[in-house]
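Just so you know, these numbers use all the heavy atoms, side chains as well, and skip hydrogens, waters and symmetry mates. Start at 1 with the first residue, then count along the sequence.
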Amino acid sequence: MPSNKSVSDAPITQFVNCRILKDHQLQREDLWVREGKILNPEKLFFDEEGSADAQVDCHDSIIAPGFIDVQINGGYGIDFSQATNDVKGGIDLVAKKVLAHGVTSFCPTLVTSPPDIYHKVLPEVKVHNGSEQGAGVLGVHLEGPFISREKKGAHPEQYLRTFQAGAARDLLDTYGYLDDVSIVTLAPELPHSLGVIQELVQRGITVSLGHSVANLSQAEEAVQEGATFITHLFNAMLPFHHRDPGIVGLLTSDRVPTGRTVFYGMIADGIHTNPAALRIAHRAHPAGLVLVTDAITAMGLPPGRHTLGQQVIEIEGLNAYVAGTKTLSGSIATMDMCVRHFLQASGCTVEAALEAASLHPAQLLGISQQKGTLDYGADADFVLLDDSLDVKATYIAGEQVWEK
């Protein structure tokens, strides 16, 4: 039988002396990478009789899939909800900075804004893979303006909207452009929302429920129409009540279609959610938990006043408030901080903490064949961590893009 040695001449890198997160377990094995993908070494040895061209000693690090942040409003002085002259430059700056926190892909998130902001910003944001230039963009997360006045949180009331009867028309009038949108957060109790959910799902856009006063049956109807996510669970929704648990009740609902997982975002910054509430959610529905930073402009900036969309924000310690109030407005936590806090607060396994920032967001977006996993054939986007889960290095497509 002829040898297939010429399958690919691209160099092969072997990462040794590491524990890799695979099949929900940290396993002592090497990681093999070629052409930006994770390689099956058996295929390499037996079909190609190949070997590694380079070895990287990981000094007993943990290797986990790169973190994916599906809700980040900005950071480092950049606010994604501002129509600046250089929208792309702002996204690129944040993309570069989050590499230090193990984030290899993210969804730039826009809070409730007037239509002209969406019309200017959205055509400027393109889905692309990461590189040494920065983390990849998985599509925009539009949080609002179709949300509840009662649960608007830090969203400016004057720009909130409701659906008039024509679903597609409403979306295009407001947003103008949906090509590179991956998630829309809306309140499912708004009239005509079910038709809008159907429209978004048909376009391949993930629908998230949030900033809402929906009761459980309204939330269940939305899930039956295709909604699959809950935006920052417990925040900006009705509190859990035993006779009508509201959106929170989706975590244990028996009306979720068979084979469907409802995912839910948690801001594990120690401020937005009491550790006991974090534990309740995680124990009720561990497979759905997705860590999000909900980070704002002020992430990485000193205390003081900064912007979030059309609002002014005041930073005090780790709290970000709408200026002059005690309304929380996003966080200034980084993703690696959230992973560490979640691990410590929930008492979950290291594997579960890492998967909440990688596998689960990838499953939510339907991209877990390529991202959020170290399975053979997946993109070689990963992070090296020490035992305290501090980031040592970040890799995208098998190339080191950040090192401590």
Side-chain angles (χ1 to χ4, degrees), residues 63-82 86-111 125-141 143 180 182-183 232 265-269 290-302 306 308 315 318 320 330-342 353-354 356-362 364-365 367 371-372 379-385 389-397 399-404:
I63 297 187
F67 300 151
I68 297 170
D69 193 352
V70 299
Q71 189 178 7
I72 169 170
N73 309 289
Y76 312 98
I78 302 295
D79 180 351
F80 298 146
S81 304
Q82 296 279 0
D86 189 10
V87 169
K88 185 181 171 301
I91 288 174
D92 289 350
L93 175 81
V94 175
K96 182 85 176 159
K97 296 276 198 183
V98 295
L99 295 174
H101 303 290
V103 175
T104 53
S105 325
F106 66 108
C107 296
T109 304
L110 272 67
V111 295
V125 189
K126 298 288 177 228
V127 172
H128 63 268
N129 271 322
S131 67
E132 70 282 356
Q133 301 303 309
V137 170
L138 297 171
V140 179
H141 178 170
E143 189 187 354
D180 292 83
S182 59
I183 305 176
H232 44 51
M266 300 256 8
I267 310 168
D269 60 355
V290 172
L291 291 174
V292 298
T293 60
D294 197 16
I296 60 169
T297 327
M299 175 175 67
L301 293 185
H306 307 281
L308 172 63
I315 303 301
L318 274 179
S331 86
I332 51 177
T334 56
M335 185 57 91
D336 54 328
M337 264 171 71
C338 290
V339 171
R340 290 189 295 269
H341 180 265
F342 171 53
L354 294 169
S358 56
L359 177 63
H360 297 175
L364 162 71
L365 294 172
I367 56 172
K371 309 271 184 203
D379 293 351
D381 295 359
F382 53 88
V383 56
L384 267 61
L385 305 131
L389 300 189
D390 286 312
V391 177
K392 290 166 70 171
T394 305
Y395 285 76
I396 290 182
E399 301 291 327
Q400 190 180 80
V401 292
W402 184 84
E403 187 180 21
K404 193 165 186 171

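Without hydrogens or angle criteria, Thr394 side chain to Leu99 main chain gives a donor-acceptor distance under 3.5 Å. Put simply, the side chain of His141 gets close to the backbone of Val70: a donor and an acceptor are under 3.5 Å apart. A distance-only check finds no donor-acceptor pair linking the side chain of Thr297 to the backbone of His306 [under 3.5 Å]. For the pair Thr104 (side chain) and Ala135 (backbone), a donor-acceptor distance under 3.5 Å is absent.
To the nearest 0.5 Å, the span separating CG on Leu364 from CG on Leu138 amounts to 10.5 Å. To the nearest 0.5 angstrom, Asp69 atom CG is 11.0 Å from Phe67 atom CZ. Taken from CE in Met266 to CG in Leu291, the straight-line distance is 8.5 Å, to the nearest 0.5 Å. Going from atom CH2 of Trp402 over to atom CD of Gln400 covers 9.5 Å, rounded to the nearest 0.5 Å. In this structure, CG in Leu389 is found 12.5 Å from SG in Cys338, a value given to the nearest 0.5 Å. Atom CG of Leu93 is separated from atom CD1 of Ile78 by 5.0 Å, given to the nearest 0.5 angstrom.
Salt-bridge check for Lys404 with Asp390: failed, with every basic side-chain N at 4.0 Å or more from each acidic carboxylate O.
Shortest non-hydrogen contact noted between Phe342 and Ala356 is CE2-CB, 4.0 Å. Annotation for Ala320 and Ile296: closest pair CB-CD1, 3.7 Å, computed over non-hydrogen atoms. Between Ala298 and Ile315, the shortest heavy-atom contact is CB-CD1, 3.3 Å. Annotation for Ala295 and Ala333: closest pair CB-O, 3.9 Å, computed over non-hydrogen atoms. Scanning all heavy atoms of the two residues, the minimum distance from Tyr395 to Ala393 falls at CE1-CB, 4.0 Å. The two residues Ile396 and Ser131 have their closest heavy-atom pair at CG2-N, 3.7 Å.
Side-chain atoms of Gln133 and His128 include no donor-acceptor pair closer than 3.5 Å. Between the side chains of Thr109 and Asn73, no donor-acceptor pair is found at a separation under 3.5 Å.
Side-chain atoms of Pro65 and Phe382, non-hydrogen and from C-beta on, never get closer than 4.5 Å to each other. The closest side-chain heavy-atom distance from Glu403 to Lys392 is not below 4.5 Å. Between Leu354 and Val339, the closest side-chain pair of non-hydrogen atoms falls below 4.5 Å. For the pair Phe106/Ile68, no side-chain contact is recorded, criterion being any heavy-atom separation below 4.5 Å from C-beta on.
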Could you walk me through whether His232 and Gln71 satisfy the side-chain contact (heavy atoms from CB on, under 4.5 Å) test, starting with their C-alpha distance in whole Å, then the side-chain angles of each, then the deciding distance to 0.1 Å, before giving a yes or no? CA-CA 9 Å; His232 44 51; Gln71 189 178 7; 3.6 Å; yes

Given the rule in the side-chain contact (heavy atoms from CB on, under 4.5 Å) test, do Leu318 and Ile332 qualify, once you have shown the distances and angles that lead to the verdict? CA-CA 6 Å; Leu318 274 179; Ile332 51 177; 4.1 Å; yes

Going through the checks in order, is the side-chain contact (heavy atoms from CB on, under 4.5 Å) test met by Asp336 and His341? CA-CA 9 Å; Asp336 54 328; His341 180 265; over 6 Å; no

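By the salt bridge (Lys or Arg N to Asp or Glu O under 4.0 Å) test, Lys88 pairs with Asp92, sequence neighbours left out. Applying the side chain to side chain donor-acceptor pair (under 3.5 Å) criterion to Asp381, with sequence neighbours excluded, gives Lys371. Considering only residues two or more places apart in sequence or on other chains, His360 meets the ring pair (Phe, Tyr, Trp, His ring centres under 6.0 Å) condition with none of them.
Among Ile72, Asp269, Ile267, the one residue that satisfies the side-chain contact (heavy atoms from CB on, under 4.5 Å) test with Val292 is Ile267. Paired with Val140 under the rule side-chain contact (heavy atoms from CB on, under 4.5 Å), one option of Val125, Val127, Ile183 passes, and it is Val125.
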